[in-house]
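For reference, the structure is listed below as structure tokens.
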Amino acid sequence: MLNIKSFLTIDFGAGSLKLAEFAINEEGGLCLKSFIIQPLGLEGSQEASREKAIQQALQGVIAERDLKPKFVNVCAPGFHVFSKFVKLPPVEASKVGQIIQYEAQQNVPFPLSEVVWDYQILGSAASGELEVLLVAIKSEIVEGLFRVAEQSKLKLQLCDASMAALCNAFKFNYSDLEDCTMLLDIGAKTSNLLFFEKGKVFSRSINLGANAITQDFANESKLKFDEAEKIKIAEGFVSLGGAYEEPDNPHQAAISKIARQFMTKLHIQVNQTMQFYRGQQGGSAPQRLFLSGGASIMPYTAQFFAEKLNLPVEYFNPFRNVQIDSSVNLEELSRVAHCFGEVVGLGLRNLANCPVEMNLMPESTLRWQALNEKKPYLAATVFSLVLVAFAVGFLFDQLAGSKQAEIDRIQPQVDAAQAKSTSFNQAYKKLQNARNSAEQISDFLQDRYYWGDFLADMRLALINAENQVARKLGAQKPGVQVGVWVEKMTTDPSLAGSVALGVGAPPQGAPPQMGINYQVPVPGAMPGMPGMSGPPASAPAPALGTISSSNTNSVTLFCRAVSLTSVDPSANPEIAYAVGDAIKSSHLVDPKSTMVVGQITTDDTTGTFSFTVNVTPLKPLDF
């Protein structure tokens, strides 16, 4: 149920557009404010021209009556709607939807992806079977109705089927009838036959409409459809047949015969439906017939069906329980009231819960409606964002002005501070340059004494090594004298190479791998000392290590010592490694890369032996 105070309902029939404006009165009932019927002509029943025809008719009616409501309920014509009553076995409520889905796939003559379908459970039979009304319509038909409403600036609320709207209108106005009653709605292209009795509803769509009378008459009289339709409405009637005298007017005579033939075909379909309803649906025999629809007003139609069905026949009044506004012309309404059953049924959907409630709105239309409903909010949001952007821009403009004013105020102070900073930086730079020059001069002064300290440290290392070995060998030969001196000191890399060192095993703690680099000679080697011309040729001892020329920041000491192999066969290596360890202990050298390298060469003629020590000073060499 929609909570709208004033709204429109429209039945887009095949032959005419029927529109009514309703309001909800103070008692909560339905009140008719205005109504109108607009013929659609032949174009209304032809698919190619139908949408344009109803669009022009609707816009013309709205402009003519100056209608204000924007919300509308519409009804699709019967020839566009597929409907069928199906019976389902008694199952759990949770499985009803699945079964109806299956029934829709089996019965709807179009793929379900191309249609909008809905269903209504109308009750249950004595056997426990559920009686379900299944309705479907092609999505493109409803989308066309939506376009028509949108172009007329109307907001489509729901799309109902004509037979469902008729059912709701009849139940609302004739709820006091409990025995079986028929309602025959004769339309322009199709007719609907509905059965009502206590606890039961059944309907069938019959593919016979009053346009067939007009078309046959137009063909017989060689007239255009619109002209033939006007003559049919003005002069036509249903021939009673038998001994009744034929009218003198040839048009009336032709129409009356054609109309009787049509009504006879329609009666056959009604009779067959009655038998099906009683035999297959378990219904009772009808007690009365109500007529509705535009073609039912043709004279003698009621008498024809009363004679054929042997039942009382009356016209359906859909406004029986509807309040009529004082502005409505009652005489004009009485002539067309029987055509507004669907329109009243659409209006009741806004008023109360109806016996049959369906909405054949496709998902695409619902999504489009949802978007349209959000458009005002989206527009308001965009407008708010624009206002916020404008406010932020204005605020930033004010802040920028204030900032510039403050900058202009303090700029002189900043300029003065920057001038002082520049003067300070210049003075500080001069101070740094002077400090660097002083440090460089101090380094130069210290370098004057470095090599003196280095050589003194090397001499001290030789003395310590002599004393260490003398103490160790004193146990074997008391008073033994150990002598070690440096024959040459060089940094010449041309002397680099890999040679073997060793007589027997090295003393405990000596490194297994040793390396050496040679550079230019250093003046000051002792002339005339044994071995100045190089070590004598003799067989080298087995290799203890390997030296490489990877270090270019080293000093090579060529040392000579008194051979003490007569005291201890391992005395000479002991002396060499003692010298190496003593030099490593100096604070002026790198102990990791300072080592004894090369080979021990014994000179038997002088009773001495020579060895080499590769020393890496901590201070880089700078020549």
Side-chain angles (χ1 to χ4, degrees), residues 11 13-18 36-46 53 57 77-79 162 183-193 206-271 289-309 311 313-317 331-342:
D11 175 19
S16 62
L17 180 150
K18 294 171 279 291
I36 189 170
I37 295 181
Q38 183 68 29
L40 297 177
L42 184 61
E43 292 81 3
S45 59
Q46 296 176 343
F79 68 91
S162 58
L183 172 62
L184 177 60
D185 178 66
I186 308 174
K189 200 169 183 178
T190 60
S191 299
N192 288 315
L193 180 60
I206 302 172
N207 290 325
L208 289 174
N211 276 357
I213 301 175
T214 307
Q215 191 65 57
D216 291 344
F217 173 62
N219 294 338
E220 183 176 324
S221 304
K222 309 300 181 184
L223 299 173
K224 292 182 178 180
F225 183 89
D226 292 343
E227 186 177 352
E229 178 72 14
K230 291 180 181 178
I231 295 175
K232 182 189 77 171
I233 294 175
E235 303 177 8
F237 66 91
V238 179
S239 173
L240 296 178
Y244 288 96
E245 185 176 346
E246 192 173 286
D248 296 332
N249 187 325
H251 288 165
Q252 284 186 326
I255 294 173
S256 64
K257 292 179 181 179
I258 295 172
R260 184 171 182 85
Q261 292 172 0
F262 170 80
M263 294 299 176
T264 300
K265 295 178 183 178
L266 184 58
H267 164 255
I268 293 173
Q269 295 296 320
V270 170
N271 199 43
L289 172 67
F290 285 92
L291 294 177
S292 68
S296 65
I297 199 174
M298 182 176 287
Y300 303 117
T301 300
Q303 289 85 338
F304 175 85
F305 282 103
E307 176 187 344
K308 293 293 182 180
L309 298 175
L311 291 174
V313 177
E314 56 184 296
Y315 282 93
F316 173 46
N317 179 15
E331 183 179 352
E332 183 179 348
L333 178 62
S334 64
R335 290 197 294 266
V336 296
H338 57 282
C339 298
F340 281 80
E342 292 92 339

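Given the structure is predicted, the values throughout are model-derived calculations rather than measurements. By convention here, the first residue in the shown sequence is residue 1.
Nearest approach of Ala254 to Glu220, heavy atoms of both residues: CB-OE2, 3.6 Å. Heavy-atom minimum distance, Ala14 versus Phe79: CB-CE2, 3.3 Å. Scanning both residues, Ala212 and Phe262, for their nearest heavy atoms gives CB-CD1, 4.4 Å. Considering all non-hydrogen atoms of both residues, Phe316 and Gly341 come closest at CE2-CA, 3.8 Å. Residues Ala57 and Leu17 share a closest heavy-atom pair of CB-CD1, 4.3 Å. Nearest heavy-atom pair across Ile255 and Lys232 is CD1-CA, 3.7 Å.
One distance of note links OG of Ser239 with CE of Met263; it measures 12.0 Å at 0.5 Å rounding. To the nearest 0.5 Å, the span separating CG on Leu208 from NZ on Lys189 amounts to 13.0 Å. Ile36 CD1 to Glu332 CD: the interatomic distance, rounded to the nearest 0.5 Å, is 8.5 Å. In this structure, the separation between CD on Glu314 and OG on Ser292 is 12.0 Å, given to the nearest 0.5 Å. Taken to the nearest 0.5 Å, the CZ atom of Arg335 stands 5.5 Å off from the CD atom of Glu331. In this structure, SG on Cys339 lies 6.5 Å from CD1 on Ile297, to the nearest 0.5 angstrom.
For Pro247, the side-chain contact (heavy atoms from CB on, under 4.5 Å) test picks out Phe237, Gln252, Ala253, with sequence neighbours left out.
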Could you please spell out the steps behind the side-chain contact (heavy atoms from CB on, under 4.5 Å) verdict for Leu184 and Ser296?
-> CA-CA 9 Å; Leu184 177 60; Ser296 65; over 6 Å; no
Residue pair Phe217, His251: steps toward the ring pair (Phe, Tyr, Trp, His ring centres under 6.0 Å) verdict | CA-CA 8 Å; Phe217 173 62; His251 288 165; 5.5 Å; yes
Dump the intermediate steps for side-chain contact (heavy atoms from CB on, under 4.5 Å) on Tyr300 and Arg260, then the final yes or no.
-> CA-CA 10 Å; Tyr300 303 117; Arg260 184 171 182 85; over 6 Å; no
Mind running side-chain contact (heavy atoms from CB on, under 4.5 Å) on Val313 and Phe304 for me, showing each step along the way?
-> CA-CA 10 Å; Val313 177; Phe304 175 85; over 6 Å; no
Could you walk me through whether Gln46 and Leu42 pass the side-chain contact (heavy atoms from CB on, under 4.5 Å) test, one step at a time?
-> CA-CA 7 Å; Gln46 296 176 343; Leu42 184 61; 3.4 Å; yes
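The only option from Thr301, Leu193, Ile186 that meets the side chain to side chain contact (heavy atoms under 4.5 Å, CB included) definition with Leu266 turns out to be Ile186.
Using a 4.5 Å heavy-atom cutoff, the side chains of Val336 and Lys18 are not in contact. Residues Asn317 and Phe290 are not in side-chain contact: their nearest non-hydrogen atoms beyond the backbone lie 4.5 Å or more apart.
One N or O on the side chain of Asn219 and one on the backbone of Gln215 form a donor-acceptor pair closer than 3.5 Å.
In this structure, a donor-acceptor pair under 3.5 Å is present between the side chains of Thr214 and Glu229.
Residue pairs meeting the salt bridge (Lys or Arg N to Asp or Glu O under 4.0 Å) criterion with at least one member in residues 249-258, sequence neighbours excluded, are Glu246-Lys257.
Under 4.0 Å is where a charged nitrogen must lie from a carboxylate oxygen, and between Glu227 and Lys230 no such pair does.
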